[in-house]
Amino acid sequence: MARCHLHKFGGSSLADADCYRRVAHILLTHGNSDDLVVVSAAGKSTNFLYKLLQLKDTGQLWQEELQVLIGFQQNLIEQLLSNEQARSLRERLSIDKYQLISLFSLEALNEYKRNEVVSFGERWSARLLAALLRESGVAALDIDSRSLLLADEGAVPQIRLDESRARVQQTLDDHANERLIITGFICANSRGETLLLGRNGSDYSATLIASLADIDRVTIWTDVEGVFNADPNKINDAKLLKSLSLDEANRLAHLGSPVLHNRSLQPLFDTQVSLAVRSSYASHTDFTLIAPKSSRASAPVVTNLSSVSLFSFRISTDVAHLAELLESAGLMPLAHWKLAHNRVELAFTHENQQQVQSMLETDGLGISDLDLREDLGLVALVSADADLYRRGFARLLSRDARPLFKDGLSLVTLVPTSQVNLLTQKVHRRCAGPRKRIGVLLLGVGNIGEAWVDLFSRTRVALNKELEASVELVGLLSSKKALLKEEGIDLDSWKQDFEQQATPWLYDHMFEQLQALECDELIALDISASAELTLQYPEFFSRGIHVVSANKLAGSGPLAFYRELKLQLGNRRLFWRYNASCGAGLPVQHALNDLHNSGDSIEAIGGIFSGTLCWLFEKYDAKKPFSELVLEAKGLGITEPDPRDDLSGRDMQRKLLILAREIGHEIELEDIELNSLVPKDLADIPLDQFLARIDELDNEMLQQFQAAAEQNKVLRYVAGLDVVDGQLKAAVGMEWVDTQHAYANLTPGDNVFVIRSAFYQDNPLIIRGPGAGREVTAAAVQSDLAQICRDLVQE
Ligand code: ASP
Ligand code: MG
């Protein structure tokens with residue numbers, strides 16, 4: 001059976017006896033009996049060993065310092081182990097001490113010997129941790145990774161993967177069911193001489209060994225909880241990232257993230273290994289998981305380097321060649337810019353500075369005018385969706401900043417070192433700070449609902465990008481059932497999900513559930529025709545939920561109710577839009593508001609606000625009875641199920657009321673005179689009886705038609721509002737109009753709105769087109785939704 005888990009503990013997790021105990025506890029509580037463990041040198045031991053070498057190099061006394069280091073190890077042994085094991089480790093430590101003394105006594109130390117000196121740090125910690133685990137009664141063995149990892153020498157050791165893999169696998173087989181505590185940082189060449197994997201190389205050891213041992217999961221236990229979306233030491237509200245894709249992590253590491261080391265991620269590419277980064281000081285808290293493929297787009301991360309090395313030069317040869325050369329030496333610039341006159345700028349970490357410099361000074365590259373600046377620092381944003389943040393980031397750049405350099409997953413700029421912290425904060429606030437999450441509730445899941453979801457799923461990405469927010473469908477409600485999903489409803493399977501998962505609901509309970517949703521704002525789209533639902537608007541508003549209505553009944557409700565709604569909106573940042581309730585997608589209310597905003601004053605509005613009535617009168621020519629036409633329209637689905645709902649004119653009356661109120665007339669529905677086409681004694685009888693007697697409409701209609709025709713006029717059913725002698729006159733009913741009138745000659749089924757204003761006096765403004773239908777209504781709802789979202793994200 002393959003082993004599953006490899007834990008890696010860094011120096012800071014092993015800084016003293018308490019740390020060791022904590023680590024042992026983690027391994028006993030989080031682990032299995034066959035876990036692999038990779039350790040760094042305790043605390044600052046590696047630095048200490050380098051310091052000893054330096055003392056020796058410069059001919060100073062190293063003996064006392066060596067004693068301090070040995071004393072530190074001795075102390076750990078005394079504090080952690082009981083007699084027998086302590087004695088054994090003490091003995092081995094004193095052998096090591098003599099070995100170190102004899103190494104230091106050599107005239108000169110070659111590279112391998114120096115490496116050997118440095119390797120003691122890791123060897124001591126592996127030995128001590130294994131002993132401590134045994135002390136707790138579990139099987140554990142320390143392993144010197146020089147027996148596992150075989151490498152060829154280079155600028156950095158190049159691991160021979162096949163041979164190393166065989167050795168690792170053999171060791172695992174030999175020690176099944178034992179925890180193996182392996183030294184990080186070190187490996188060996190084919191002669192068995194010690195090689196080092198570079199400062200902070202133990203993370204690389206860990207991921208490398210994991211990939212060779214076919215491990216599923218590596219956990220790097222360190223002194224921070226994981227990767228944050230900005231440096232938590234600089235940014236107060238930096239947030240821990242729970243997940244990150246390997247590509248993003250890699251980019252972040254390249255740009256200098258203090259938590260991730262560039263090389264340590266490389267062994268994970270093309271494997272299934274996931275990497276957790278978590279705190280050994282707080283093993284119960286959240287952590288960051290870096291997976292080969294992260295399904296959800298991660299939040300953007302802001303990273304910075306307080307200073308970098310910027311090389312600037314002219315190049316007369318092909319830049320691509322230089323790029324290849326640099327790349328093959330493992331020197332990838334942090335960012336680069338091509339300027340005019342063959343001038344190129346390359347930014348590197350200080351760590352790479354010397355190597356880059358000597359490379360750029362090589363003859364034959366055609367480089368001249370080489371200049372190095374060290375007074376600039378880097379600020380970068382890393383995200384799989386880096387493009388989304390480009391505008392936001394660019395707006396924050398001062399004149400001193402280098403233009404944004406974009407490289408797949410990141411946006412990079414350089415600014416004077418003194419500006420790094422401030423810009424980091426700004427970018428964090430603007431781009432990586434929490435995005436406003438706007439939840440949308442769809443009330444009504446029928447035909448128009450379907451069209452709206454369709455439209456929404458096509459426009460959402462662009463909207464989110466424009467608003468730098470996240471607008472998400474979080475609830476679906478029919479009159480009986482509801483489906484709420486905090487994480488967002490899947491727009492591809494919403495219908496099915498609703499059918500299968502929606503549950504019955506009641507208002508009180510529903511509002512509580514809505515309030516509990518984790519959204520910064522909620523917008524309800526009322527595309528129902530439910531009066532009961534409009535009665536809940538005050539409740540929506542009092543809970544801070546914005547509303548978009550295609551439903552006419554609230555806008556045309558009793559004046560007191562309408563006033564109360566408007567009052568509730570008051571000065572709060574609460575929005576109610578209902579453009580869809582009148583003329584569907586036709587921009588009628590937009591036009592009225594626009595005229596008003598431009599200083600115009602609206603004097604009269606008229607029109608045909610019903611596609612059904614438009615159709616009937618455009619078609620009616622007295623050749624066949626009017627009632628026959630109505631039945632034909634009913635058959636085509638052009639009328640409501642009960643055609644009296646159209647013929648009564650009530651619907652147009654409501655729309656006129658909505659517009660009247662919109663331009664400031666505070667009136668009731670009854671203030672609009674209604675002349676129904678349905679005779680009184682047919683108005684209240686059951687539908688089947690009405691349909692049986694529908695020909696009773698015909699006589700009157702025929703007479704009107706003929707009388708009008710005699711005066712060269714045609715019949716139209718129209719709505720109109722005008723102020724005559726300071727008196728408001730509003731009416732809906734049949735009229736005779738001129739054959740040239742804007743109401744005549746319409747495409748059957750259209751709506752027409754005619755607006756007379758101070759500016760549009762003699763020649764009124766006309767808005768004409770389809771005023772109903774699923775697509776245009778959905779579009780009107782979407783337009784209102786987008787407008788509310790825009791208003792909400794404005795600071
Ligand atoms: N002990 C080594 C160093 O300090 C390796 C490591 O900590 O990862 O660089
Ligand atoms: Mg370390």
Side-chain angles (χ1 to χ4, degrees), residues 6-16 19-20 22-23 36-54 65-66 68-70 72-73 76 96 100 111-130 142-146 148-149 151 155-157 159 181-188 194-212 218-224 226-227 249 253 256-268 275-281 290 330 349-352:
L6 185 150
H7 302 267
K8 185 262 166 176
F9 295 94
S12 60
S13 298
L14 300 168
D16 57 27
C19 288
Y20 269 87
R22 215 175 282 130
V23 166
L36 299 185
V37 180
V38 168
V39 288
S40 300
K44 298 260 174 259
S45 299
T46 308
N47 291 359
F48 224 101
L49 288 158
Y50 275 115
K51 187 171 160 205
L52 289 175
L53 283 170
Q54 199 204 351
E65 295 289 320
L66 175 61
V68 175
L69 185 63
I70 297 290
F72 172 67
Q73 280 301 317
L76 288 174
D96 293 343
L100 278 166
E111 205 54 40
Y112 306 119
K113 296 283 181 214
R114 297 173 76 87
N115 293 345
E116 201 177 323
V117 167
V118 179
S119 76
F120 276 101
E122 269 63 21
R123 285 150 65 194
W124 288 332
S125 44
R127 201 195 282 163
L128 181 56
L129 183 58
D142 55 303
I143 304 262
D144 185 328
S145 56
R146 290 175 300 179
L148 299 179
L149 302 178
V156 283
I159 303 293
I181 319 300
I182 307 169
T183 57
F185 189 43
I186 58 179
C187 60
T194 307
L195 303 177
L196 302 181
L197 294 168
R199 289 314 306 265
N200 298 309
S202 303
D203 287 355
Y204 174 62
S205 308
T207 53
L208 176 67
I209 292 170
S211 73
L212 298 176
V218 178
T219 299
I220 292 188
W221 295 91
T222 176
D223 53 355
V224 294
V227 183
S257 154
V259 187
L260 301 164
H261 301 293
N262 205 9
R263 275 186 76 211
S264 59
L265 297 173
Q266 303 319 311
L268 301 181
L275 173 69
V277 180
R278 60 195 297 185
S279 165
S280 62
Y281 291 85
I290 298 166
T349 56
H350 282 323
E351 219 180 346
N352 289 331

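Start at 1 and go down the list; that is how both ligands and their atoms are numbered. Note that these values count all heavy atoms, side chains included, but never hydrogens, waters or copies made by symmetry. One is the number of the first residue; the rest follow in order along the sequence. If you're wondering where the values come from, they're calculated on a predicted model, not measured in any experiment.
- Listed by atom number, the atoms of ligand 1 under 4.0 Å from Arg199 heavy atoms are 3 (C), 4 (O), 9 (O).
- Here the rule is side-chain hydrogen bond (donor to acceptor under 3.5 Å, both in side chains) with Ser119, and of Glu116, Glu122, Arg123 only Arg123 fits it.
- In this structure, Gly201 is part of the shell of residues with a heavy atom less than 4.0 angstrom from ligand 1.
- With a heavy-atom cut-off of 4.0 Å, Ser202 touches ligand 1 through backbone and side chain alike.
- Within the listing of ligand 1, atoms 3 (C), 5 (C), 6 (C), 8 (O), 9 (O) sit less than 4.0 angstrom from a heavy atom of Asn200.
- Polar contact check, Lys8 against ligand 1: no nitrogen or oxygen pair lies under 3.5 Å apart.
- Each of the atoms 1 (N), 2 (C), 5 (C) of ligand 1 lies under 4.0 Å from some heavy atom of Glu122.
- The minimum heavy-atom distance between Gly198 and Phe185, with the atom names listed, is O-CE1, 3.0 Å.
- Residue Asp203 has no N or O atom closer than 3.5 Å to an N or O atom of ligand 1.
- Expressed to the nearest 0.5 Å, how far CG of Asn115 lies from CG of Leu195 amounts to 6.5 Å.
- We find the CD1-OG1 distance between Ile186 and Thr194 to be 6.5 Å, quoted to the nearest 0.5 Å.
- Of the inter-residue distances, the one linking Tyr20 atom OH with Leu128 atom CG reads 4.5 Å to the nearest 0.5 angstrom.
- For the residue pair Ser145/Thr183, the side-chain donor-acceptor check at 3.5 Å is satisfied.
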